[in-house]
Amino acid sequence: MEFDFSYQLDAEGINPPSMKRVGLFGSTGSIGTQTLEVIRANPSLFSVSLLTAHSNHVLLIEQALEFLPAVVVITQSSKYALVKEALSPKGIMVLAGEAALEEAASMDCFDLMMAAIVGFAGLKPTLKAIETGKNIALANKETLVVAGDVVMALAAEKGVSIIPVDSEHSAIFQCLVGEVSNPIEKIILTASGGPFIGRKPNYLVNVKREHAIAHPNWSMGAKISIDSSTLMNKGLEMIEAKWLFNLEPSQIEVVIHPQSIIHSMVQFKDNSIKAQMGLPDMKLPIQYAMAYPQRIPNDFPRYNFAKSATLSFDPPDYKTFRNLGLAISALNRGGNMPCILNAANEIAVYGFLNNRLGFLEMTEVIEQTIAHVAFIEHPTLQEYFDSDGEARNFAATLINL
Ligand code: NAD
Ligand code: MG
């Protein structure tokens with residue numbers, strides 16, 4: 001499939017911002033609540049037209065009463081009556097169930113989708129939003145990991161922008177603005193290393209949910225926190241970067257940078273390296289993606305070179321954190337492999353979070369699932385869905401879910 005996504009880096013062609021109407025998918029999560037903080041601080045730039053959440057109806061209702069969107073979706077249908085009772089008197093349309101996400105994504109009450117649902121569940125609504133011409137601020141990396149070729153081709157066809165929210169990809173995007181015709185040699189994704197940096201398998205075999213979920217630099221949702229602790233997150237991000245920036249796998253490098261001050265780098269073919277830096281705070285990539293090409297002034301804490309001058313860099317420990325190697329193999333192999341890897345990983349992480357399997361056993365579940373599900377070199381969208389389902393079922397049987 002052919003697509004050239006460089007047009008969206010040509011910031012000069014884009015009009016200055018008027019009020020953007022945001023459809024926030026996954027409003028109760030870590031990215032969702034930080035997105036609302038950004039919107040709350042910039043009422044002349046953004047309004048909220050749509051909110052969705054899976055199960056936290058209490059927070060969803062509170063958010064809806066504050067921001068008064070036109071539409072709210074609660075995907076866990078058992079909560080529908082409670083949400084409807086609370087919001088109908090305010091004239092807010094309330095929908096429920098998984099299919100309602102796609103219905104909402106195709107509505108014309110919003111111009112910009114903040115894709116902040118976690119996991120495979122974010123893919124279908126994002127495709128629907130692209131199909132109906134909305135620009136996407138993309139936090140949900142799994143969307144590109146599962147079906148990056150389909151998603152990017154559809155976006156190019158519809159002329160919509162996909163602006164990354166993931167901090168590393170936001171950093172690369174920011175380094176590329178103004179560089180439309182300058183060839184990239186490689187990108188360097190930085191990784192904090194997670195809470196188990198420097199640890200070996202004999203330690204990791206015993207770690208539990210509470211250890212793994214406590215990330216040293218970022219406060220995030222449960223799934224991405226576990227992915228960060230296994231380095232799977234960085235593998236998913238390599239795949240995400242391939243699709244966002246149209247790169248060959250060999251152009252994507254990972255370096256461990258425990259301070260999380262350099263958010264990632266681009267090395268151009270003239271050997272110049274550009275980095276984007278700052279204190280770790282997701283509100284910055286969130287607001288950059290929403291306001292692009294504008295930068296919004298804010299009072300977030302500033303990085304002080306005099307106080308914390310040491311920035312260090314190391315290669316990843318592939319031998320200990322084997323999930324990263326599995327993701328790189330899937331990236332190199334292509335086809336439906338990243339989709340299978342992602343599905344197996346979602347089940348493995350779920351199993352670990354629910355104390356059904358150990359930290360190192362997550363890798364075994366992924367490895368066995370990859371070996372089991374048939375490889376397809378050029379999958380259709382339906383084949384991606386089928387591969388996801390098959391991988392998910394197989395991984396679940398491995399851990400008796
Ligand atoms: P989270 O778990 O805190 O929130 C997830 C949101 O998705 C919630 O609103 C939840 O209601 C909703 N959701 C969960 N399952 C759903 C389902 N089956 N159907 C519909 N909605 C569902 O997650 P998060 O940390 O905010 O991450 C969201 C996405 O952003 C992930 O893809 C993650 O990889 C990415 N991301 C997050 C961060 C971060 O700092 N949290 C950074 C970079 C990228
Ligand atoms: Mg990231």
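Both backbone and side-chain heavy atoms feed into the values below; hydrogens, waters and symmetry mates do not. All residue numbers refer to positions in the sequence shown, counting from 1. For ligands, and for the atoms within them, numbers begin at 1 and follow the listed sequence.
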Report summary line: Interatomic distance, CG@Leu189 vs CD1@Ile256, rounded to 0.5 Å, equals 11.0 Å
Requested in this report: Could you check atom 4 (O) of ligand 1 against the protein and tell me its nearest heavy-atom contact, residue, atom and distance included?
Outcome: Gly29 CA, 3.1 Å
**Report entry** Protein residue, atom and distance nearest to atom 34 (O) of ligand 1, heavy-atom basis
**Finding:** Lys141 CE, 3.2 Å
Requested in this report: Starting from atom 14 (C) of ligand 1, locate the nearest protein heavy atom and write down its residue, its atom name and how far away it is, to 0.1 Å.
Outcome: Val118 CG1, 3.7 Å
Report summary line: Heavy-atom proximity to atom 6 (C) of ligand 1, picking from Ala222, Gly32, Ala116, points to Ala116
Report task. For atom CZ of Arg199, decide whether the heavy atoms of other residues, nucleotides or ligands shown that lie under 6.0 angstrom number more than 12. Result -> no
Report task. Verify whether one side chain among Asn217 and Ser260 offers a donor that lies under 3.5 Å from an acceptor in the other. Result -> yes
Requested in this report: Would you kindly check if the NZ (Lys) or CZ (Arg) of Lys134 is within the cone defined by 45 degrees around the ring axis of Phe110 and under 6.0 Å from the six-membered ring centre?
Outcome: yes
**Report entry** Sole residue of Glu253, Glu240, Glu168 in salt bridge (charged side-chain N to carboxylate O under 4.0 Å, His left out) with Lys234
**Finding:** Glu168
Query raised in the report: Hey, does Asp166 come in under 3.5 Å of ligand 1, counting only N/O atoms on both sides?
Result: no
Requested in this report: Give a yes/no verdict on whether any heavy atom in Lys223 is under 4.0 Å from an atom of ligand 1.
Outcome: no
**Report entry** Polar proximity ligand 1 side, Ile224 side, N/O cut 3.5 Å exclusive
**Finding:** no
Query raised in the report: Any luck finding a side-chain donor-acceptor pair between Asp149 and Tyr384 under 3.5 Å?
Result: yes
Query raised in the report: Does Phe67 CZ have over 12 foreign heavy atoms under 6.0 Å away?
Result: yes
Report summary line: The N/O/S atom of Glu168 lying closest to the Mg ion (ligand 2) is OE1
Query raised in the report: Do the charged groups of Glu142 and Lys223 touch, with an N to O distance under 4.0 Å?
Result: yes
**Report entry** Proximal heteroatom of Asp166 relative to the Mg ion (ligand 2) (N/O/S)
**Finding:** OD1
Report task. Check each heavy atom of Asn140 against ligand 1 and say whether those closer than 4.0 Å belong to the side chain, the backbone, both or neither. Result -> both
Requested in this report: Considering the heavy atoms of Gly26, write down every atom of ligand 1 situated less than 4.0 Å from one of them.
Outcome: 6 (C), 7 (O), 9 (O)
Query raised in the report: Within the structure, does Thr52 bring an N/O atom to less than 3.5 angstrom of an N/O atom in ligand 1?
Result: no
**Report entry** Carboxylate-amine/guanidinium proximity below 4.0 Å for Arg40 and Glu37
**Finding:** no
Query raised in the report: Between CD1 of Ile92 and CG of Leu87, what distance do you get to the nearest 0.5 Å?
Result: 4.5 Å
Query - Of all N/O/S atoms in Glu237, the name of the one nearest the Mg ion (ligand 2) - result: OE2
Query raised in the report: Starting from atom 38 (C) of ligand 1, which protein heavy atom do you reach first, and at what distance in Å?
Result: Ile31 CD1, 3.5 Å
Report summary line: Nearest heavy atom to atom 22 (C) of ligand 1, choosing from Glu240, His57, His54, belongs to His54
**Report entry** ligand 1 versus Met282: contacting region, heavy-atom distance under 4.0 Å
**Finding:** side chain
Query raised in the report: Near Glu248 CD, under 6.0 Å, is it more than 12 heavy atoms from other residues, nucleotides or ligands?
Result: no
Requested in this report: Among all protein heavy atoms, pick the one closest to atom 32 (O) of ligand 1 and tell me residue, atom and distance.
Outcome: Glu142 OE1, 2.7 Å
Report summary line: Note: ligand 1 atoms sitting under 4.0 Å from heavy atoms of Ala121 are 17 (C), 18 (N), 19 (N)
Query raised in the report: Does an N or O from Ser55, backbone or side chain, lie closer than 3.5 Å to an N or O of ligand 1?
Result: no
Report summary line: Out of Thr28, Leu24, Leu60, Ile117, the nearest non-hydrogen contact to atom 7 (O) of ligand 1 is supplied by Ile117
Query raised in the report: Could Glu237 and Lys141 be called an ion pair, given the rule that one side-chain N must be under 4.0 Å from one carboxylate O?
Result: yes
Query raised in the report: Any side-chain donor paired with an acceptor under 3.5 Å for Ser106 and Glu102?
Result: no
**Report entry** Within-cut-off N or O pair, Leu101 and ligand 1, under 3.5 Å
**Finding:** no
Requested in this report: Among all protein heavy atoms, pick out the one at the shortest distance from atom 3 (O) of ligand 1; state its residue, atom name and that distance to 0.1 Å.
Outcome: Ser30 N, 2.9 Å
Query raised in the report: Counting heavy atoms only, which of Leu236, Thr75, Thr143 comes nearest to atom 20 (C) of ligand 1?
Result: Thr75
Report summary line: Checking heavy atoms under 4.0 Å, the part of Ser27 that sits near ligand 1 is backbone
Query raised in the report: Atom CG of Asn332 and atom CE of Met337: how far apart are they, to the nearest 0.5 Å?
Result: 12.0 Å
Requested in this report: Say whether Asn56 and ligand 1 are in contact under the criterion: heavy-atom distance to a ligand atom below 4.0 Å.
Outcome: no
Query - Passing candidate, side chain to side chain donor-acceptor pair (under 3.5 Å) with Asp227, options Asn345, Asn323, Asn233 - result: Asn345
Report summary line: In ligand 1, the atoms that come under 4.0 Å of a heavy atom of Ala139 are 30 (O), 32 (O), 35 (C), 36 (N), 44 (C)
Query raised in the report: Using 30° and 60° as the class limits, which term best fits the ring planes of Phe245 and His169: parallel, tilted or perpendicular?
Result: parallel
Report task. Just need the protein heavy atom nearest to atom 25 (O) of ligand 1, so name the residue and atom and give the distance. Result -> Gly221 N, 2.8 Å
